[in-house]
Amino acid sequence: MAQDTPGPAVAAAPAPVPGEGQSRSTVRVAIGALLLGMLLAALDQTIVSTALPTIVSDLGGLEHLSWVVTAYLLASTAATPLWGKLGDQYGRKKLFQTAIVIFLIGSALCGIARDMPQLIGFRALQGLGGGGLIVLSMAIVGDIVPPRERGRYQGLFGAVFGGTSVLGPLLGGLFVDHLSWRWVFYVNLPIGIVALLVIAAALHIPARRVPHRIDYLGTFLIAVVATCLVLMTSLGGTTYSWSSWQIVFLAVLGLVLLVPFVLVERRAAEPVLPLQLFRVHTFALCSVIGFVVGFAMFGSMTYLPTFLQVVHGVTPTMSGVHMLPMVAGMLISSTGSGQIVSRTGRYKVFPIAGTAIMTLGLLLLHQLGPATSTAVMSAYFFVFGFGLGLVMQVLVLIVQNAVGYENLGVATSGATFFRSIGASFGVSVFGTIFTNKLGPRITDALAGATLPPGITPTTLQADPRAVYRLPAAQRTGVLAAYSQSITDVFLYAVPPALVAFALAWLLKEEPLRASVTAPDTAEVLSSNPVERSSLEECARALSVLGSREGRRKVYEKITRSAGLDLVPAATWMLLRIHRFGSAEPFLLAERSDVPLRLVTEAARQLEARGLAVRDGLPLVLTDEGRRQAELLFRAREQMLADLLGDWWTAADRPHDLKELVRALNAELCGSDAERPHNGDERDHRPP
């Protein structure tokens, strides 16, 4: 145990913790509202994909399809760091409500858009709010939920992302088939209004302000650089030729602005992307690999529904069903790989295997055609998704393991930032390749053919539904043009995937810190970068580990470490009596998940050993009982500290990290629900 730990650690009343003074029902209602907010942003990442072919058919401009997705991605990625820091500085409740309002305004405007430029602009506004919904909802959990319970509640947010990745494409298809594509956006309005009302009434956040020197200029510059380069890749060869002054200007502007961005980041007190991180070999490699993963993942998920609906003629709803094997493969492998790495400490094999399988998946997707059976497509989709999942979660874990505590938060957000930027580039590059290939192929397929009135090669390129107004003979050629143009994009993604595969071999496998746990599903599937401080990352990890603390072997371990001889249930009860001053065994069993038989047995042992005596019905500790409880408390605190490894043993260990360990340790010694509050019990909390 570090020498700076005062003693006795449990002699004073514990410091106020998040959620204290609020009933469980109030906290649960507030969590429900936060989940609704998260649902809005998570759903919007997936629900649009199956509606895109219908949207471009109604509004025209298939060549701009990618920007419906890219505008949202760029806006939410650029805004995420600002939402996080502004929430720290000015209060998260008002900022979260503001994010919901912006998101709802954007959703309503998207629903009434009359052309593609309007829709793209409104999607950017929606993305601006969406970035705030994700980062603030996860941050607010830490404000209202005690450390001990955070792991469980954060798991709910991960479940929302996992659920929407499955349901989103299906819902999008259902709305298109039975209502209108505009309901893809309108559905956000009732959900958002309910979330706003519940948050206003039930969300009470302790007043805590963390001042920041926000890097506005750095955020603006990196957003402009990314926008210039994405515009260049999406407009080049389609709207403008690659040699046009517009494309050359965008390329030059993007590269030139990198210079002031580097200068600003070197001097910024809290840079949006600390440049010194690139000196860390592992971070640099993971950033590039993450970029490629985002590139392949979002690019494919944007264009595969178009392939299914146009080439195979399935309904929007069924295109969502066909995408499920990919999502299943991604969820299975990402969850499994993260858990295996956390338990074995071995991680290098996963990015190597994942990038290899992802590359194989891209080659298989390139083989898709009009005659490909559903079973074969499902197998190809599963392979591709499985490869993506093997890489996505492990990359975050590897980065966290490679940096010191002071860089833990920014390194995590930096790694996921590059995946988000890769997603934007992937969608735009896939769109450019698709558009450049489609036009000439449709023209060649219809050469010399007599077309029905109102249909031209340009019409067929802008409106996929017009294909089915062609005679069967001509339709076959056009469908083949669509099929080849879409599947070609997967072949062009193979070289970047091979680069990622080669880079994965260069990763160094270092001993894994015990506190580096598998990231949340929300972090893995979200298009937004993670935005947490180093302390918040440690709190997340320790709360996940702490949520597993009720196991018998943990109490056996801390009992041995303290040099005592007690059954696990007696250790459990001794810590709770010491925290709250007294405990009535029957009521304690009623309020916890420990069987009454074990609680009764523990009480008997404490009384027999002279560690506790009856004060009426409740048990209170003797002097010897308090001494042994303090030994157990310190043993558990040391166990938590050991999980932090060199982050804890560093000579300049931050004070807030010490406070985090103490707060979590106190919570693990008894939750607020177990606190004596019955009229027959007295609170004998030590002075």
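Note: hydrogens, waters and symmetry copies are ignored here, and every other heavy atom, side chains too, is used.
When atom types are taken as modelled, the side chain of H312 and the backbone of G369 share a donor-acceptor pair closer than 3.5 angstrom. A donor-acceptor distance shorter than 3.5 angstrom exists from the side chain of K348 to the backbone of W505, with no hydrogens or angles considered. S483 places no side-chain N or O within 3.5 Å of a backbone atom of L479 that could act as its donor or acceptor partner. Counting only distance, with no hydrogens or angles, the side chain of S485 and the backbone of Y482 share no donor-acceptor pair below 3.5 Å. Remark: the backbone N or O of Q367 is not paired with any side-chain donor or acceptor of T487 at under 3.5 angstrom.
Across all their heavy atoms, C228 and L253 have their closest contact at SG-CD2, 3.6 Å. What you find for S378 and P325 is that their closest heavy atoms are O-CB, 3.5 Å. Contact between S333 and G329 at its shortest, heavy atoms only, is OG-O, 2.9 Å. Here the closest heavy-atom approach between residue V187 and residue F175 is recorded as CG2-CZ, 3.7 Å. Residues L362 and A497 come closest through the heavy atom pair CD1-CB, 3.9 Å. The two residues A504 and T355 have their closest heavy-atom pair at CB-OG1, 4.2 Å.
Distance check: Q118 CD to L109 CG gives 9.0 Å after rounding to the nearest 0.5 Å. Note that CZ of F381 and CG of L304 are 4.5 Å apart. Values are rounded to the nearest 0.5 Å.
Side-chain contact between F501 and I352 is present, with heavy atoms from C-beta onward closer than 4.5 Å. Counting only heavy atoms from C-beta outward, the side chains of V311 and L368 never approach each other to under 4.5 Å. No side-chain heavy atom of Y492 sits less than 4.5 Å from a side-chain heavy atom of V429. Using a 4.5 Å heavy-atom cutoff, the side chains of S337 and V391 are not in contact. At a threshold of 4.5 Å between non-hydrogen side-chain atoms, the residues V314 and H322 count as touching. You'll find the side chain of F384 stays beyond 4.5 Å of the side chain of L364, heavy atoms only. Proximity of D488 to R441: side-chain heavy atoms (C-beta onward) are separated by under 4.5 Å at one or more points. Inter-residue side-chain proximity for L506 and L503 is flagged as met; some heavy-atom pair is nearer than 4.5 Å.
Within the 6.0 Å centre-distance limit, the rings of F430 and F295 are counted as a close aromatic pair. A centroid separation of 6.0 Å or more is found between the aromatic rings of Y303 and F490.
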Listing, residues 120-136 side-chain donor-acceptor contacts under 3.5 Å, not counting sequence neighbours, or none:
{"from": "R123", "atom 1": "NE", "to": "V68", "atom 2": "O", "distance (Å)": "2.8"}
{"from": "R123", "atom 1": "NH1", "to": "D44", "atom 2": "OD2", "distance (Å)": "2.5"}
{"from": "R123", "atom 1": "NH1", "to": "Q126", "atom 2": "OE1", "distance (Å)": "2.9"}
{"from": "R123", "atom 1": "NH2", "to": "V68", "atom 2": "O", "distance (Å)": "3.4"}
{"from": "Q126", "atom 1": "NE2", "to": "D44", "atom 2": "OD1", "distance (Å)": "3.3"}
{"from": "Q126", "atom 1": "NE2", "to": "D44", "atom 2": "OD2", "distance (Å)": "3.3"}
{"from": "Q126", "atom 1": "NE2", "to": "S107", "atom 2": "OG", "distance (Å)": "2.9"}

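For F185, there are no ring-ring contact (aromatic ring centres under 6.0 Å, His included) partners, not counting sequence neighbours.
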